[in-house]
Amino acid sequence: ATVDSDRLVELCIRMGESRAEEMISSSIEELWSGLEELRSAYAQQRLSVVQEHAAQMADIADHLGLYLFAKVSRDVKNCAAGGDGTSLAACMCRLHRLADSTINSVWDLCDISS
């Protein structure tokens, strides 16, 4: 599983269902926009920007319990920091494939309409 449903339940209990849904929805939107910014920075080979966006996305994903998404985001950051173009390209592809399934899983678990 790419989503820790226990983490989402914990957020709902701690914050209340309505506030948690708002926070989760906002965080998912940040991840989507972060992916777009990451794609753009990667296409322009602005590796410091890639590192910055990947780190921000990892923090958001960790908070939501999207641990695999967070790990791959950190992999992207580390590859960009190391200047390893081949590994960075592979990690970018993996992150984008993972993003679709992970984010859709969050929507389904929370029954949030996009």
Worksheet item: Can you name the side-chain hydrogen bond (donor to acceptor under 3.5 Å, both in side chains) partners of Ser87, sequence neighbours left out?
Response: Asp84

Using a 4.5 Å cut-off on heavy atoms from C-beta on, say whether the side chain of [Y] contacts that of [X].
{"X": "Met92", "Y": "Leu38", "result": "yes"}
{"X": "Gln44", "Y": "Val49", "result": "no"}
{"X": "Leu66", "Y": "Leu31", "result": "yes"}

Verify the cluster assignment for [X] and [Y]: are they in a single hydrophobic cluster under the rule of side-chain heavy atoms below 4.5 Å apart?
{"X": "Leu95", "Y": "Trp32", "value": "yes"}
{"X": "Met15", "Y": "Ile24", "value": "yes"}
{"X": "Tyr67", "Y": "Met57", "value": "no"}

Practice prompt. Please test Ser33 against Glu29 for side-chain contact (heavy atoms from CB on, under 4.5 Å), starting from the C-alpha separation and ending with a verdict.
Written response: CA-CA 6 Å; Ser33 67; Glu29 288 174 19; over 6 Å; no

Could you tell me the separation between the [atom1] atom of [X] and the [atom2] atom of [Y], rounded to the nearest 0.5 Å?
{"X": "His53", "Y": "Arg46", "atom1": "NE2", "atom2": "CZ", "result": "7.0 Å"}
{"X": "Gln51", "Y": "Cys79", "atom1": "CD", "atom2": "SG", "result": "10.5 Å"}
{"X": "Leu35", "Y": "Ser40", "atom1": "CG", "atom2": "OG", "result": "12.5 Å"}

Worksheet, complete the sentence: Heavy-atom closest pair (Cys91 atom, Asp75 atom, distance to 0.1 Å) is SG-CB, 3.8 Å

Item to complete: Kindly say whether Met23 contributes a backbone atom to a donor-acceptor pair with the side chain of Ser27 at under 3.5 angstrom?
Response: yes

Worksheet item: Between the side chain of Ser73 and the main-chain N/O of Phe69, is any donor-acceptor distance below 3.5 Å?
Response: yes

Discussion item. Let's go through Glu22 and Arg19 carefully: what are the C-alpha distance in whole Å and the side-chain angles of both, what is the deciding distance for salt bridge (charged side-chain N to carboxylate O under 4.0 Å, His left out) to 0.1 Å, and is it a yes or a no?
Written reply: CA-CA 5 Å; Glu22 288 175 22; Arg19 285 187 55 219; over 6 Å; no

Discussion item. Evaluate Asp62 against Arg74 for side-chain contact (heavy atoms from CB on, under 4.5 Å), listing each step before the verdict.
Written reply: CA-CA 11 Å; Asp62 270 333; Arg74 283 189 294 275; 2.9 Å; yes

Practice prompt. With sequence neighbours excluded, tell me which residues meet salt bridge (charged side-chain N to carboxylate O under 4.0 Å, His left out) with Glu30.
Written response: none

Practice prompt. Kindly indicate, with the supporting measurements, whether the criterion side-chain contact (heavy atoms from CB on, under 4.5 Å) is fulfilled by Arg94 and Leu68.
Written response: CA-CA 11 Å; Arg94 185 172 185 213; Leu68 182 57; 3.7 Å; yes

Item to complete: Start with the C-alpha gap between Arg7 and Leu11, add the side-chain angles, then the distance that decides, and say whether side-chain contact (heavy atoms from CB on, under 4.5 Å) holds.
Response: CA-CA 6 Å; Arg7 176 65 179 144; Leu11 289 170; 3.6 Å; yes

